[in-house]
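Since the structure comes first, as structure tokens, the remarks are kept for the end.
We name chains A, B, ... by the order of the sequence lines, and we start the count at 1 in each one. Everything quoted here is computed from the prediction, not taken from an experiment.
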Amino acid sequence: MDIQDHRPLIVQADGTVLLDTRLPGAEEAAHALAAFAELIKRPGELHTYRITPLSVWNALSAGQEGGQIMERLATFSKYELPAAVETDLQAWINRYGKLQLVRDGEQLLLAGETDEPLRQALQDSLGSLFKSAVTEQGPWVVDGAQRGRLKQELLRLGYPVLDQAGYHAGESLPLELRKHGLSGMEFTLRDYQKQAVELFVQDGSIQGGSGVLVLPCGAGKTIVGIAALARLECATLILTSNATSVSQWQRELLDKTTLGEQDIGLYVGRERQVRPVTVATYQMMTHRTSGKTDYPHMRLFRERDWGLIIYDEVHLLPAPVFRLTAGLQATRRLGLTATLVREDGCAEDVFSLIGPKRYELPWRTLEARGALAELSCCEVRVPLCTSQDTTYRQAGARERLRIASENPAKLAVMEQLLGRHGDKPKLVIGQYLDQLSAAAERLRAPLITGKTPNEERERLFAAFKRGEVRTLIVSKVANFAVDLPDAAVAVQISGSFGSRQEEAQRIGRILRPKREDNRAWFYSIVTADTKETEFALRRQLFMIEQGYRYQLKRWPDERALSASGTSRGTGS
Amino acid sequence: MKLSEITACIPPHVMDQLIEDPVWNGARRQGMTWLQAQTQAEVLATARAELPLEAQDVLKLIVSRFGVGRFGLEQLMREASSGLWSGTELRYGLEFLHSCGIVWCMKIGWGEQAYLLPEDTFRLWLREFYPADLEPLPASDPVKRLPAERIEGGLCCELLHTMAALVRLGFSWTRSRTLPKRVLQRLESQLQLPEAAARGLPLLGGLSTDSYPPRVAWLLDLSLMQGWLSEGEEGYIFHEQCWQAWLDQAPHACEAALADLVLSDYLAAEDGRSYPAAVLAEQPAGVWFLTQELEEWVYKAAGYQARHQAASSCQDLLDRLTGLGWMEQGHTVDGRGAYRLLHAQARPAEPLRIQLSGELIVTRETPLQVRWLLEMSADRVSHDLFTQYKVTSDSLIGAYRRGLTVDTLLADLREAAGGMLEPAFAELLQQWASDWLVEKESPQLDRARASQNSHSDRNRAAASPDFLEPCDKPSLSRLLPELPRLPIAWSAAMRSYHPSTAREMIEAAVHCQLPLQLNRQAELTVLIPDEVQELDGAWMVSGRVRGAGRSEPEHVQLPPDAWQEMKLLLPDPR
């Protein structure tokens, strides 16, 4: 009951945990928490985590021991653990592994210990998922087609199921990872990438084969996916978020593996190639002519004997794909994401249908290892152009934001900021096409927007990578899954209304480790003393919560407003 | 009722006289005042020895059967009807206790009186007569703690949030002299306090309506009790000075004081709970005790007819304390219920933490003044062991209307945060303020409104009871108005009487509620006669024979030839 002032955690009855990074043991506590709690935010010295049934089950499936969770939490806690937390943890730990899906010959069985409420639920509402009547004593014969749904429903009732029914091998596809890329550059997996793949594959045993790997932007999720594919050597369907990302997967597959073009199919836009490794978009899979018809492209799931399905950006996985995935539980499934947080509350479905979290690497940990560029973030406040001042004052709230965002005075500042970084590869990112066109004209740099044809985009990205184009002006098309590894400077001249993800995704474009000077700079130009400052703060939240810090400067005198003058976060 | 409330109703010189009573000789020798003597367990133990046996037994009976509740003479007589003492002896004991200020008497109606034992001395007398030697559970007997619905952030925060909501929403009543429904809903929605913990608690602060939800009613009553609010003509009056003085205290001190107040005044005010409350007030925090042992002790001390009644009283108290966040319950490995008190520990003050995201975080150790500042200027996002606030443009406007300019707020926040304030955060606040200031509302308006009528007088709306001053020592003439009509010989010495005279004597004893001393074959016994019964032309007396050593009396029916000599036994007033 005594209070241990020097301990860094405050654990609340609802499972929220506050980590005080100034206190001794904070780093160790953060490490311990990472295993069984979700990091919600780290916007300064105090980081917030949440312990949920899913986070605990994810930890247990990643090999953590139940007793250890309780012990670690108590060791670092300032106050005695709330009784509610102890009770909940114990209940969640006890439930994990109690129910298993196993195979007995041709039969799929649900086996394990059940309590009365569960038996009741099995008999009353889940009876249709079994092939025979649910009697008092298990195991019970499960309808094979309902394997995913059964796991989903049981998880919703608070009972996780260990799926040890195994997978079918799928169509064999011999391939290897190359030691050198097509350009001749040496290629090896980074340690954490190897570790992530091992934890997913688990030597091909039934313990592995399905799950989610959580890696920050720039950590090489595509490479990890490809390495998993190479370990399993089977026909693979890769689902990703957009056409640019499809091309990126294709490029990386060709560059990093022994697969040839004839082995890789693209299923996007007008392309309908179904080959041993096929890359498609979620949009394509969920496309249909009217709201009432089936999804015609979902047949892709059954067009080959896939041995592995990779769900890239799994946090964006749409509901229809979930439904189909429920019927594909005998196929190995790999989810890749930078965050398990889903705005739609479908995190439970990711757990039961794709699989538990197998590996997670925090953003800042990766940066500390040098696997991400060392980032400086700066918000530069520019006065509103005098000619716009009256218009701004007379405008409505929404219009004001637009006026402030498109402040013409920003362009000169943009130019000067870019000028500071010599010939480093640079991106200018914005929201409004007129503004972007003006920027392109001013800098005499190419502009890529949603209207730019795919071929033209690819050509410009390639030129940028080769160093022939040093500055690219891009609209929000560059927010996701565009690999521009050498981009080191990004200047954001406008953003959307305050999407937290957007700014992080944009920053993700410049975070890839650089060969020589492993640093990156992100500038957000904001019109001072206007509504835009408020929205800029909202946009920065995600990065701040990841432990980054924005330096604040006023233009033109560049008087630093930041107390410490440093751009680095205080979080560990 | 507390001793201080009683003594507030009697002239001071009475207390000066009380210490002169021989019962308080021990205390007087130590230089204590009478009031000081009442709070010392050792002094009360000495005083007990100075009491005549009748008074000792009456006091024990009061402690056991009435606790802190009021009782009349008739009730006392009924409770003691099968006991050792006759009615006159009981009255003697009671008057003796009243005369030395142990028991108090108050007028409760036309010609009616009630007696009571003050709440604070009750605890000590209870311990004197029924020592609660409950043994803590050994460390080798681990307890599995049970989760419960409870206040996690402390009662002081519940009160602080209540006052903050009232400042924001207003103190005014509707025509029915109650707070508007929307205010009540807002007050209720932010509470952690479980309803079961507040339901049925007495309203001691003078809340004049019974139409509020129980939790809100109790917290408002507590605020009235503390003097932060009083009831005016059109609404509650906020006594800001008194409130600010409370906020100046350390959080743990506020919480500890609230725990004492609630346990001794609100929880112990109910008869059943007063017994376990007295025990808990003496138990150390953080140590586990068995619930069953507490129940067993209460069963004995409070003289319950059935064990389940004692168990129910104890559980009610334990559950309420748990709901208030001051207790934990659990069970041992073999399933026995256990409980332990939690206490607010003195900790160094923690500053306000301002995150880069603009979140403001305070912990249990953050000064209440800082919490109040945040309540007045920011939105509470979450509240538990730590509380998270966020300044929004709306909350800033609200603060401004309450008289807090952005510059003052920034200065206050900077000070609360130990001198550090994130520049982006400060800029944002300035930006919001300048956006809004176009409307130019007077910043002083609401502060002036909030502080009007500000004064720190405690308002105890409950009418002061009419207490009687302690009586003189009981005399025979007062106790026995019939004394002049009783032959002196009947009480002077043991004599043998003709059966008809003996019967007359016995009937006089029954009427005057006096015991008789009988010589039965050279053995002296005391008979407390109940009645004379006719049987086949003969008569018999029934009553109780007081055994040696104040053991349980024996009910008897005696014919007149069952004793040889007799006399009336008169009390022996000192």
* What part of B:S382 gets closer than 4.5 Å to chain A, counting heavy atoms only: side chain, backbone, both or neither? -> neither
* Does any heavy atom of chain A fall under 4.5 Å from the side chain of B:R347, the backbone, both, or neither of them? -> side chain
* Would you confirm whether B:Q355, through its side chain, and A:L46, through its main-chain N or O, come within 3.5 Å as a donor-acceptor pair? => yes
* Check ion pair A:E86-B:K144 (N to O, under 4.0 angstrom) -> no
* Taking all heavy atoms of A:A13 and all of B:E152, pick out the closest pair and write down the distance. => CB-OE2, 3.6 Å
* **Over all atoms of both residues, closest heavy-atom pair of B:R145 and A:T87** => O-OG1, 4.0 Å
* Which residues pass the ring-ring contact (aromatic ring centres under 6.0 Å, His included) test with B:H252, sequence neighbours left out? -> none
* **Spacing of CG belonging to A:D20 relative to CD1 belonging to B:I361, to within rounding of 0.5 Å** => 9.5 Å
* What's the verdict on salt bridge (charged side-chain N to carboxylate O under 4.0 Å, His left out) for B:E350 and A:K78, showing C-alpha distance, side-chain angles and the deciding distance? -> CA-CA 13 Å; B:E350 287 239 10; A:K78 176 175 176 178; 2.9 Å; yes
* **Part of A:V85 lying under 4.5 Å from any heavy atom of chain B** => neither
* salt bridge (Lys or Arg N to Asp or Glu O under 4.0 Å) with B:E293: which residues, sequence neighbours excluded? -> none
* Asked: Thinking salt bridges, do B:R340 and A:E80 make one under a 4.0 Å N-O criterion?
  -> yes
* **Contact list for residues 329-339 of chain B, test salt bridge (charged side-chain N to carboxylate O under 4.0 Å, His left out), sequence neighbours left out** => B:D141-B:R336, B:D334-B:R336
* Can you name the residues of residues 386-393 of chain B that have some heavy atom under 4.5 Å away from a heavy atom in chain A? -> B:F386, B:Q388
* **Note, B:R353 side chain near A:R22 side chain (heavy atom, < 4.5 Å)** => yes
